[in-house]
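In what follows, a structure is listed as structure tokens, so that the remarks can point back to it.
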Amino acid sequence: MSEVGYRAALKAVIGMMAALVLAFVLRGTLWPDKLGPRLPAALDQHIWLVSQDALHQFDAQGRRLQSLPLHELGMGEAVSSLQFTAPDVAFVHDAQGVRRCLISQKTCTTLDLPGLQATPGFRWVRVAADEGEIVVSDTAAHRILVYRRTGAGAPYTLARTYDQGLRFPNQTLPDEGRLWVANTNRHEVAALDATGASPMPVVHRAVDFSGLRPGRRFPFAMQRDGGQGQWVLVAGPAMRDADLLRMDGEFQPRQVVALSPEQDPNGVLWTGGRLLVTDATQFQVHQVAADGRVLQPFGDAAFQAELQAGRSAYVWGQRLPTLLMGAIAALMALAVVLGWKAGEFRRLTGPRWRASGDAAAHLEDDLAGEAAGRAGGPQAEAQPTAPVAKTRLRAQVAPRAEGQRVPPPGSVTKVRALPGATAMRRRWLVGLGVLFVGLLVALIVGMWPGYFQRDCGPDLPCNLPRLVRWLTGFAIGFIVLVYATAWNMLRRHESLRIATDGRRVAVQWAGGKVAKAPAEQVTCTRQHLLIGAHTVPLRINGSPLFDEAAFRRDILGRLPQLNVLDGPLDFGWLRHMLRHGGWKGRITAVVVIALVLLALGRLVAVAWRHLG
């Protein structure tokens, strides 16, 4: 295949890679994860639950009666609470707040609850049968709000608030004179005074139990069975992979019920003499008897088949990022081969500083022709040159043609950077910097309300607003400083000057800073000139920073002893730093080698652990 064919194939591969990268970035939008059963609720022998973005109704035997998409009901997909007070009335919490929904009319009305912000987040809602009282576990704000109204149609008012001694409170259970709450980040089930006499929990029951798997310390959902026993879901640090803990009437731990090898329950419901446990990521509804025996899964055959298909789609959705990254890596390897065949790597690295064979002769012919043209005489014949090594060149460049000025020994020739060579890159850098800082500020503003609602550790709230503000301002200032430094460095590149007297090389930056070294201790790669511990760019991303013809004539042509590394993969930076970089260069090289070895050792250790 010709280079044109390889180049066409390379363009096709790059297009496929771009499509896969876009799919990876937009995976959550293009292929959203539809979770399985969660938020069980019951009323009048009917069981309701949310699964795969739909509200499902079952009879007591598990036969599905209807399935209603959430968007048709006016509910958001981020539903975090579900309770029925009448056959046609459901109270939910979604991104718009606490809402009262009429199922038959498929409408939802957002309730005006004073002091409760309509922000996305997890909140558990418990409503009295007559709808006269609403208890909201404002989880992220570490409080429980109790609302009441005087009669049907009257507005709700805030009756009392429990906001002391609570960390991420979740589900609540009413009792005689008490309100039990799953005090998640205190690792306990606590009882509040239902009269509101004290905002502090009056009873504490730790969920520490030997039967729980390691790390399971965070209670979040609970139900009371007919025999006054209690069932509590206790999750791990990521609020997943929960264990089902059986407790007595006073919430003393008694038994751990193993539902499945990979149990990940989401909610519990006691109805019809058995406990239903929904599993959102394992796509299952477990049934547990009062004595802890695990029964057959809940739901009819059609619902089970639907769950099986949903689980398969969820599993493949979780594998999709790995598959996309693997495909991108394979295409990158193919693109490297095609780019090599198409000669793209030679184009990216630019022409060689010292050409070999005929290329050197043509270069000298061009120089001789220019000199003869300026003198008004015929073009001089180029002197033959000896072949030069392909990758490492120290030797002959053809002597200058007759009529071309030869600098006398000891005289200084100099080249300077092209004016405007970095202007476009500086504009791009400023634009990207402004965009990045703007996105960072927008992200901070969006996440600021919820930032202080997280724990800095077990039982340790993040009450450090002033420190965090300082750190955030410092981070933004540091990013601006980095971009400003990069912009200033690009600007200074346009004032670079490289000079030689035939024996030494000197580089001068803006402000009068100068670096000097003998030519045999200076290395010239395809992209940089390395002098001491300094790196001087000759090309920026392949674009020349200097007049390359003048650089060849006035610098390289006078320094046959210069270390020239023309190989496309031989950058020579490490070799130069170790040999000619001085103590600064050697320390830098040793640090780089140590970091590379450390990273490789870490990768080998991770691979060994996973493969072993």
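Numbering of residues begins at 1 and proceeds along the displayed sequence. Please read all numbers here as calculations on a predicted model, not as lab measurements.
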I'd like to check [X] versus [Y] (side-chain heavy atoms, cut-off strictly below 4.5 Å). Are they in contact?
X	Y	value
Ile14	Met16	no
Phe218	His187	yes
Met222	Phe251	yes
Gln252	Arg205	yes
Val232	Val268	no

Strictly distance-based, threshold 3.5 Å: is any side-chain N or O of [X] a donor or acceptor partner for the main-chain N or O of [Y]?
X	Y	result
His56	Leu49	no
Thr139	Pro169	yes
Arg178	Glu176	no
Ser80	Arg123	yes
Gln52	Gly36	no
Tyr156	Gly132	no
Thr161	Leu145	no
Ser137	Ile144	no

Could you check whether atom [atom1] of [X] has more than 12 heavy atoms from other residues, nucleotides or ligands sitting under 6.0 Å from it?
X	atom1	answer
Gln164	CD	yes
Asp163	CG	yes
Glu72	CD	yes
Met17	CE	yes

How long is the span from the CG atom in Asp138 to the CZ atom in Phe168, to the nearest 0.5 Å?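 Here the rounded value is 11.0 Å.
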How many angstroms lie between CZ in Arg126 and CG in Leu179, if you round to the nearest 0.5 Å?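 Here the interatomic distance stands at 6.0 Å.
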Will you find, in the side chains of [X] and [Y], an N or O donor that is under 3.5 Å from an N or O acceptor?
X	Y	result
Ser198	Asp193	no
Arg160	Tyr162	yes
Gln230	Arg246	no
Trp180	Asp175	yes

Checking side chain to side chain contact (heavy atoms under 4.5 Å, CB included) against Val189, which of Leu245, Thr184, Val207, Asn183 comes through?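 Filter result, single survivor: Val207.
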Option from Leu259, Leu244, Val285 for which side chain to side chain contact (heavy atoms under 4.5 Å, CB included) with Pro265 holds: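 Only one of Leu259, Leu244, Val285 forms a side chain to side chain contact (heavy atoms under 4.5 Å, CB included) with Pro265, namely Leu259.
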With the threshold set at 4.0 Å, does a side-chain nitrogen-carboxylate oxygen contact exist between [X] and [Y]?
X	Y	value
Arg149	Glu133	no
Arg64	Asp300	no
Arg240	Asp264	yes

Can you list everything that forms a salt bridge (Lys or Arg N to Asp or Glu O under 4.0 Å) with Glu188? Sequence neighbours excluded, please.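 Applying salt bridge (Lys or Arg N to Asp or Glu O under 4.0 Å) to Glu188 gives none.
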Chi angles and distances behind the ring-ring contact (aromatic ring centres under 6.0 Å, His included) call for Phe298, His286: CA-CA 6 Å; Phe298 175 83; His286 305 280; over 10 Å; no
For the pair Asp243 and Leu233, evaluate side-chain contact (heavy atoms from CB on, under 4.5 Å) and give the outcome as yes or no after the intermediate values. CA-CA 6 Å; Asp243 281 345; Leu233 287 177; over 6 Å; no
Please confirm whether Arg319 makes a cation-pi placement over Trp316, using NZ or CZ under 6.0 Å from the six-membered ring centre and within 45° of the ring normal.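 So Arg319 does make the cation-pi contact.
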Chi angles and distances behind the side-chain hydrogen bond (donor to acceptor under 3.5 Å, both in side chains) call for Gln263, Asp279: CA-CA 7 Å; Gln263 63 191 52; Asp279 198 326; over 6 Å; no
State, to 0.1 Å, how close Ala242 and Arg213 come at their nearest heavy-atom pair, and which atoms those are.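 Distance-wise, the nearest heavy atoms are O-NH2, 3.4 Å.
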Measuring centre to centre across the rings, with the benzene-like ring taken for any Trp, is His46 within less than 6.0 Å of Phe58?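 No, ring centres 6.0 Å or more apart.
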